[in-house]
Amino acid sequence: MVSPFLLFICFILFAIPFPRNCHALGNLTAGQTLNLTETIASATNAFVLGFFIPRGSPSQGRYLGIWYYDVPQTVVWVANRESPIPANDSGAVLLLPNNGSLSILDGNGRKVWSVGDLPGSGSDAFAELQDSGNLVITQSNRANRVWESFRYPTDTFLPNMQFIVNTRTSESVLWRSWKSPVDPAPGPFSLGLDRYGQQLYLWNGSVPIWRSGPLRGRTFTGISNMSDFSIFGFNPMQVGDEYSISLAPNFTALTRFALEYTGEIKEYEWSSSNKSWNQAWLQFTTPCDFYDRCGDFSVCYQDRPEECECLTGFKRSSGGCVRQRPIGCVDKNSSGADAGWNSGNFEPLLRMKPPDHGTLNQSIVGQEGCQQWCLSNCSCTAYAYAQGMGCLVWNEKLVDLQQFMGVDDGISLYIRLDSQKKKSPAVIYGTTLASAAICAVGLYLLWRYWGRLKSFSRKPKVGDGLKEAQSSDITSLQLVTHGSIGPINARDEESHQLPLIDFNTLRAATNDFSDANKLGEGGFGLVYKGKLPEGREIAVKRLSRSSGQGLAEFMNEVKLIAKFQHRNLVKLLACCIEKQEKMLIYEYMPNKSLDAFLFDPAFSRQLDWEKRFRIVQGIAKGLLYLHQDSRLKVVHRDLKPSNILLDATLNPKISDFGIARIFGADQSQVNTTRVVGTYGYMSPEYALEGRFSIKSDVFSFGVLVLEIVSGQKMTRFYHEELLLNLLGYSWKLWKEGNALELLDPSLEGQCSEMEVLKCINVGLLCVQDEATDRPSMCAVIQMLNSEAANFCEPQMPAYYSRRRLLDNSSSSSDAYPIRSRTVNGLTVSEVNPR
Ligand SMILES: *[C@@H]1O[C@H](CO)[C@@H](O)[C@H](O)[C@H]1NC(C)=O
Ligand SMILES: *[C@@H]1O[C@H](CO)[C@@H](O)[C@H](O)[C@H]1NC(C)=O
Ligand SMILES: *[C@@H]1O[C@H](CO)[C@@H](O)[C@H](O)[C@H]1NC(C)=O
Ligand SMILES: *[C@@H]1O[C@H](CO)[C@@H](O)[C@H](O)[C@H]1NC(C)=O
Ligand SMILES: *[C@@H]1O[C@H](CO)[C@@H](O)[C@H](O)[C@H]1NC(C)=O
Ligand SMILES: *[C@@H]1O[C@H](CO)[C@@H](O)[C@H](O)[C@H]1NC(C)=O
Ligand SMILES: *[C@@H]1O[C@H](CO)[C@@H](O)[C@H](O)[C@H]1NC(C)=O
Ligand SMILES: *[C@@H]1O[C@H](CO)[C@@H](O)[C@H](O)[C@H]1NC(C)=O
Ligand SMILES: *[C@@H]1O[C@H](CO)[C@@H](O)[C@H](O)[C@H]1NC(C)=O
Ligand SMILES: *[C@@H]1O[C@H](CO)[C@@H](O)[C@H](O)[C@H]1NC(C)=O
Ligand SMILES: *[C@@H]1O[C@H](CO)[C@@H](O)[C@H](O)[C@H]1NC(C)=O
Ligand SMILES: CC(=O)N[C@H]1CO[C@H](CO)[C@@H](O)[C@@H]1O
């Protein structure tokens with residue numbers, strides 16, 4: 001007698017839950033079947049379609065599913081979720097008939113599941129699993145798409161999928177969780193766009209438990225720190241009645257968003273070194289993320305002990321808060337006269353998740369217009385305006401309010417106050433910046449970063465002197481004319497608001513700009529370490545007063561950085577414009593800049609290979625964001641180790657945008673007669689001919705990579721015997737197959753040869769002489785992430801051959817045929833085009 005338990009074990013051992021490579025058909029044509037052990041693989045073996053048994057399933061029923069070819073047991077789609085093939089049925093097949101629909105037939109030929117009505121005689125019906133993971137049924141020689149699995153997802157959102165809602169019929173494509181880890185049947189949780197197409201909701205049954213907030217540009221306003229987890233963002237699109245949101249194209253990382261059976265949405269990234277999925281993001285990070293945690297007119301604060309607090313002018317009641325006094329607004333009567341009109345009295349709340357049930361009007365442009373729209377209706381309780389989102393107004397209750405912690409998170413929400421609390425509009429939109437702005441920006445900063453301090457009122461009051469200087473306010477000071485800054489067009493102007501901070505606060509913070517507090521010199525100014533009275537450390541960049549050109553650079557930097565949100569770009573916290581002084585206040589980086597580590601023998605050991613590789617990847621991501629993923633196309637022009645700051649975890653941040661240039665969408669190259677940059681990092685076409693493009697930054701990036709690998713400073717390294725600079729020397733070693741000799745000796749024995757070679761290869765491709773030969777940052781990131789080590793063979797790097805030519809005529813020990821000139825005693829050098 002064999003015990004049933006042993007039988008069960010044998011069954012588990014011998015059943016192949018995920019058949020693979022048994023018989024990988026490429027596709028199904030009309031009349032073909034797929035049996036229980038056969039599979040269909042996509043063209044480049046990214047995904048597999050076949051029958052599987054969920055691991056640990058007690059019933060051992062079989063499901064038709066799609067899973068990753070290379071990644072064990074990660075099912076991304078299930079067909080017959082509710083009707084598994086019983087374990088004792090070995091005769092079931094998937095059939096693509098000549099007529100009828102794609103069906104699963106059990107051993108007795110009964111239809112268990114079917115999709116896609118093939119009209120007429122579907123003799124050329126064709127089912128194909130695409131490399132995106134999409135199972136597509138076509139007809140009429142593949143011209144006519146009858147059905148695709150991406151329209152009928154289960155619990156996984158893949159990079160090429162779209163969130164879709166039909167704005168006419170309100171039908172939405174829904175993701176539905178599994179019932180349990182072993183049962184693919186639909187569970188209670190579903191995810192999809194709401195009927196207005198504004199935002200994603202997660203429902204438990206029919207009750208919303210989470211929402212994303214509407215999109216602003218490419219990020220969701222209701223998700224905290226979103227730029228950290230998705231540098232590519234999401235793209236909205238309207239085609240006919242269909243509104244869709246997709247991940248930006250060319251999203252290459254092996255990643256997926258899964259709606260877990262627990263109701264959590266998790267983003268996973270595949271780590272090929274760990275051979276495991278790493279959780280990259282989770283939608284519930286604080287209790288405030290749960291839908292409507294606090295009730296009506298009540299804000300959820302994740303950092304306060306009370307958590308839920310009423311809005312100003314509201315008092316606690318059951319189910320949230322209620323208005324203490326009526327709003328005091330009389331609707332315009334039919335003749336349009338506005339007797340008793342409430343003329344606009346709003347309290348701003350920063351970094352807010354937009355409340356639910358807003359009405360979005362994207363044709364209203366500008367905050368003023370949005371406010372007017374709200375004022376024109378007495379039932380309007382709040383409004384919010386942001387570029388890339390439009391004007392949102394709320395006409396009833398405000399529910400699901402939350403204030404975020406991240407500086408760039410959320411939007412500014414303007415809550416309508418009752419008329420008794422009226423404040424002078426002059427304070428809110430005062431044109432005299434000086435008094436309003438300067439007197440209490442300290443308070444503002446206090447609130448902004450230390451809102452927890454009990455001694456301060458719960459929320460910032462306009463009367464506290466809070467003043468958000470928008471970039472338009474700065475320009476209205478007429479410090480600078482628009483034309484001199486670059487092609488910023490009005491459409492691109494973000495409504496990002498940047499606080500002003502007053503000069504005396506900064507003077508106190510930096511100990512009167514003492515030498516002891518000096519951190520270094522950047523383009524056009526000195527940088528000081530400062531400490532605000534409350535203890536926060538800041539870095540203050542003070543523009544040298546003498547440099548006339550500095551002003552344009554200053555405005556350039558303010559405008560640029562205020563718009564950026566990326567973990568690999570340094571964050572601008574505030575600025576100061578007072579009398580002759582122009583200062584930028586940044587987050588303070590305790591680890592200073594990359595060159596302080598890399599080129600100092602005492603510290604370079606701290607940068608082991610893993611850290612260096614992460615730094616290379618971080619810089620690449622930051623640069624990609626500048627080149628194509630922010631709303632602007634920006635060429636940095638001065639990428640070098642001293643402009644790469646390192647935070648406490650050695651995460652790199654690109655800084656110093658003093659000479660960065662914004663490119664118009666259709667501009668790919670600019671000619672200039674004023675070449676500014678740093679000796680050693682400028683591409684030849686820029687240094688010699690004044691032409692620059694994003695490929696000039698790619699060149700500088702290549703130099704940086706070679707410096708990071710070798711630990712050698714470009715401008716210091718010169719091989720006396722070979723008469724070669726760092727680029728030429730690297731290329732020579734590469735050509736001879738000795739590239740590993742370039743590696744910093746302090747790294748020996750502790751790193752992956754493949755990664756090192758990959759970096760050197762990428763570095764050499766980036767420093768090629770011809771700009772068009774250099775890869776884009778997008779391609780660089782793909783190469784850095786790829787498993788292969790060999791890409792294109794790099795051509796001879798820039799400056800290599802020129803050096804050779806010069807050898808005969810010159811015995812200068814300069815590595816370059818460029819004469820540098822220091823401007824204002826700073827690290828910026830200028831080269832005149834020839
Ligand atoms: C279908 O799959 C077969 C391999 O089974 C392959 O030879 C053929 O090219 C595929 N057809 C198409 C249109 O992809
Ligand atoms: C499926 O078909 C292949 C050949 O096409 C055959 O070798 C295999 O045994 C079949 N499997 C089942 C379960 O029928
Ligand atoms: C599978 O087992 C069930 C009962 O356990 C039985 O009713 C059914 O006929 C069996 N099917 C096959 C194909 O043997
Ligand atoms: C499909 O074709 C089969 C024979 O080829 C026929 O028996 C069946 O009725 C057809 N079904 C439909 C829906 O046309
Ligand atoms: C979903 O709803 C059910 C009851 O309707 C409840 O028991 C469960 O806790 C809810 N789950 C979540 C995550 O909200
Ligand atoms: C690999 O796993 C370890 C621990 O499980 C983790 O600390 C590390 O970050 C992972 N590495 C990657 C590249 O994900
Ligand atoms: C509208 O208000 C004006 C001014 O208060 C008043 O003269 C007029 O009669 C009102 N019209 C109506 C229809 O109430
Ligand atoms: C949006 O605002 C414009 C201009 O104020 C107005 O004409 C339009 O009717 C509004 N759209 C909606 C849907 O309210
Ligand atoms: C105010 O808004 C409400 C809700 O959207 C709407 O029903 C009402 O007609 C609006 N009133 C006016 C005067 O526009
Ligand atoms: C977002 O970032 C801020 C500071 O950068 C941090 O305090 C907060 O915890 C982060 N929030 C989430 C959800 O990660
Ligand atoms: C830049 O100069 C090159 C020649 O050096 C010329 O072909 C090109 O048109 C110029 N581009 C612009 C934008 O002026
Ligand atoms: C670099 C890269 O892969 N670019 C591709 C991005 O996607 C568009 C369209 O989807 C392709 O045309 C590009 O080649």
Side-chain angles (χ1 to χ4, degrees), residues 11 14-29 31-41 49-53 60 62 64 85-95 104-109 155 167-168 176-180 186-191 195-198 201-211 214 238 243 259-266 282-293 332 357-377 379-380 383-385 389-395 400:
F11 192 83
F14 291 105
I16 307 168
F18 287 79
R20 207 179 121 169
N21 305 344
C22 301
H23 189 225
L25 300 167
N27 43 57
L28 283 184
T29 48
Q32 265 188 318
T33 59
L34 184 75
N35 71 20
L36 291 181
T37 52
E38 289 169 317
T39 57
I40 289 181
L49 171 80
F51 287 92
F52 72 98
I53 301 169
Q60 295 286 306
R62 280 195 170 82
L64 178 71
I85 308 290
N88 62 357
D89 184 347
S90 59
V93 290
L94 175 70
L95 168 70
I104 298 174
L105 305 178
D106 69 11
N108 300 323
D155 66 337
T167 45
R168 190 171 47 82
R176 225 173 252 287
S177 64
W178 285 27
K179 205 170 212 162
S180 78
F189 302 102
S190 55
L191 170 73
R195 50 184 310 198
Y196 305 109
Q198 286 177 10
Y201 281 83
L202 172 63
W203 291 275
N204 181 1
S206 59
V207 182
I209 57 172
W210 176 83
R211 68 192 177 92
Q238 178 95 39
Y243 176 87
L259 174 53
E260 305 282 359
Y261 73 98
T262 52
E264 291 165 313
I265 306 168
K266 287 181 179 169
L282 169 70
Q283 102 277 29
F284 290 132
T285 43
T286 73
C288 289
D289 290 325
F290 286 91
Y291 186 84
D292 198 17
R293 174 93 178 167
K332 278 185 186 175
H357 309 308
T359 305
L360 184 67
N361 190 331
Q362 285 174 316
S363 48
I364 292 178
V365 177
Q367 176 142 344
E368 282 286 298
C370 190
Q371 194 184 49
Q372 285 309 316
W373 200 44
C374 178
L375 284 174
S376 70
N377 190 331
S379 54
C380 175
Y383 76 90
Y385 177 80
M389 180 182 80
C391 175
L392 258 176
V393 298
W394 287 266
N395 283 322
D400 194 25

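When a ligand or atom number is given, it counts from 1 through the structure's own listing order.
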### Query
In terms of atom number and element, which parts of ligand 5 are under 4.0 angstrom from non-hydrogen atoms of Asn204?
1 (C), 2 (O), 3 (C), 8 (C), 10 (C), 11 (N), 12 (C), 14 (O)
### Task
Would you tell me whether Thr262 and Glu264 have side-chain atoms, one donor and one acceptor, within less than 3.5 Å of each other?
yes
### Task
Take Leu28 and Ile40 through the test side chain to side chain contact (heavy atoms under 4.5 Å, CB included) and record every step on the way to the result.
CA-CA 8 Å; Leu28 283 184; Ile40 289 181; 3.6 Å; yes
Could you tell me whether [atom] has a protein heavy atom closer than 4.0 Å?
atom	answer
atom 2 (O) of ligand 5	yes
atom 11 (N) of ligand 8	yes
atom 14 (O) of ligand 8	yes

### Message
I want to know if ligand 2 touches Asn35 in the polar sense, i.e. an N/O pair below 3.5 angstrom.
### Response
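N/O-N/O distance below 3.5 Å exists for this pair.
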If you take all heavy atoms of [X] and [Y], which pair is closest and at what distance?
X	Y	value
Asp289	Trp210	O-CD1, 3.4 Å
Ser379	Asn377	OG-OD1, 2.8 Å
Pro214	Leu392	CG-CD1, 3.8 Å

### Query
Is the closest N or O pair between Asn361 and ligand 8 shorter than 3.5 Å?
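In this structure, Asn361 places an N or O atom under 3.5 Å from an N or O of ligand 8.
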### Task
Using a strict cut-off of 4.0 Å, indicate which atoms of ligand 8 neighbour a heavy atom of Ser363.
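Per the distance check, 1 (C), 2 (O), 3 (C).
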### Query
In ligand 8, which numbered atoms sit nearer than 4.0 Å to a non-hydrogen atom of Trp373?
14 (O)
### Query
Of Ile364, Leu360, Thr359, which has the heavy atom at the shortest distance from atom 5 (O) of ligand 8?
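The nearest heavy atom belongs to Ile364.
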### Query
With a cut-off of 6.0 Å (strictly less than), are more than 12 heavy atoms of other residues, nucleotides or ligands near NZ of Lys179?
no
### Message
Does Tyr291 have more than 12 heavy atoms from other residues, nucleotides or ligands lying within 6.0 Å of its OH?
### Response
yes
### Task
Give a yes/no on ligand 5: does Phe290 have at least one heavy atom closer than 4.0 angstrom to it?
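The answer is no: ligand 5 sits nowhere under 4.0 Å from a heavy atom of Phe290.
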